[in-house]
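Okay, structure first, notes after.
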Amino acid sequence: MLEVHVKTFGDTAFGIVYEGKAVFASNFGVNSEDVLRSFQRMFPIEAPLRVAAEPSAFAQKAVIVMRDIYEGKSTDETVLLALGRFPAYTQRVLKAVSRIPVGYVASYGGIADAVGGGARAVGNVMATNCFAPLVPCHRVVSSSLGLGGYGGGLRVKYEFLRREKQGFTEPNQIPIEGGVLRVFPVEFVLRKLEKKHDATTPI
DNA sequence: TGCAAACCATAAC
DNA sequence: GTTATGGTTTGCA
């Protein structure tokens, strides 16, 4: 049976749906009710969810990792994701996005070049991503260095990227299974946004 | 800039 | 099978 663990750090709640040592879904929100509601939408009635009375060590670690990602820290901890229920292509996209390092972003089309398919198909996977922010879909932007979209709202995406600045100045290439993924510094996106809008309220 | 047409995997019928 | 649906992209006015 799937279990749920939600924990609030500061003013943000982080939650996972898990079984054993694999995460079936993750999300964050303004409070635990918010996160639980999102899980109920992802897992319709047939899969009953049970809030863990005593979250396993794995569950507690996973939530910590999520908080670290949220805060923009570059963690090398990895959390096992249960991807088996998704189509093969979806799995490839999710894995590729997971490889984008903190401080860099990739475009929808760039991901498509690396794993096959097209940019819109990649966008579809992002739109239905069940693993925010463990799969850092906030690091996927439009080819014109615009923000693209984000389930939680563009403001949230922008704040993510701002916290992830690392001072990189040059594009880079990340080797992934079956190809290379072209990435570029998150500063490229932030600069463009700040130029376009008022520097204080870019969104 | 703005708009239209091409693009591509999925889910729903 | 077919159709509808996007967190896209590119080209062209």
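Computed over heavy atoms, backbone and side chain alike; hydrogens, waters and symmetry mates excluded. Letters go in sequence order (proteins before strands), and every chain restarts at 1.
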When the distance from [atom1] of [X] to [atom2] of [N] is rounded to whole Å, what number comes out?
X	N	atom1	atom2	answer
A/D113	C/dT8	CG	C1'	12 Å
A/R92	B/dC8	CZ	P	14 Å
A/L94	B/dT10	CG	P	10 Å
A/I111	C/dG7	CD1	P	16 Å
A/Q91	B/dA9	CD	C1'	14 Å
A/L161	C/dG7	CG	C1'	13 Å
A/M126	B/dT10	CE	P	12 Å
A/H138	C/dG7	NE2	C1'	14 Å

Paired nucleotide for C/dT2 [Watson-Crick or G-U wobble; both distances under 3.5 Å]: B/dA12

[X], nearest nucleotide to its side chain (from [options]):
X	options	value
A/R120	B/dC8, C/dG7, B/dA11	B/dC8
A/A127	B/dT10, C/dG6, C/dT9	C/dG6
A/S142	B/dT10, C/dT9, C/dG7	C/dT9
A/V140	C/dT8, C/dG7, C/dT9	C/dG7

Under 4.0 angstrom, heavy atoms only, what part of the nucleic acid is [X] near: base, sugar-phosphate, or nothing?
X	answer
A/Y89	sugar-phosphate
A/G148	nothing
A/G149	base

Expected output: side-chain A/T12 to main-chain A/F9 donor-acceptor under 3.5 Å: no

Under 3.5 Å donor-acceptor, A/T128 side chain and A/N124 backbone: yes

Geometric class of the A/Y104/A/F168 ring pair [parallel <30°, tilted 30-60°, perpendicular >60°]: parallel

Looking at A/S107, does any N or O in its side chain come under 4.0 Å of the phosphate oxygens OP1/OP2 on C/dT9? yes

Does the side chain of A/T128 get closer than 4.0 angstrom to OP1 or OP2 of C/dG6 through an N or O atom? no

Presence of donor-acceptor pair under 3.5 Å, side chain of A/Y150 and base of C/dG7: no

Do we see a donor-acceptor contact under 3.5 Å between the side chains of A/D68 and A/T75? no

Go through it in stages, so that I can follow the logic: the residues are A/E177 and A/R99, the test is salt bridge (charged side-chain N to carboxylate O under 4.0 Å, His left out), and I'd like the CA-CA distance, side-chain angles, deciding distance and then a yes or no. CA-CA 10 Å; A/E177 194 178 348; A/R99 295 275 174 66; 5.5 Å; no

Pairwise 5' ranking along DNA chain C for A/N124 and A/G110, keeping only the more 5' one: A/N124

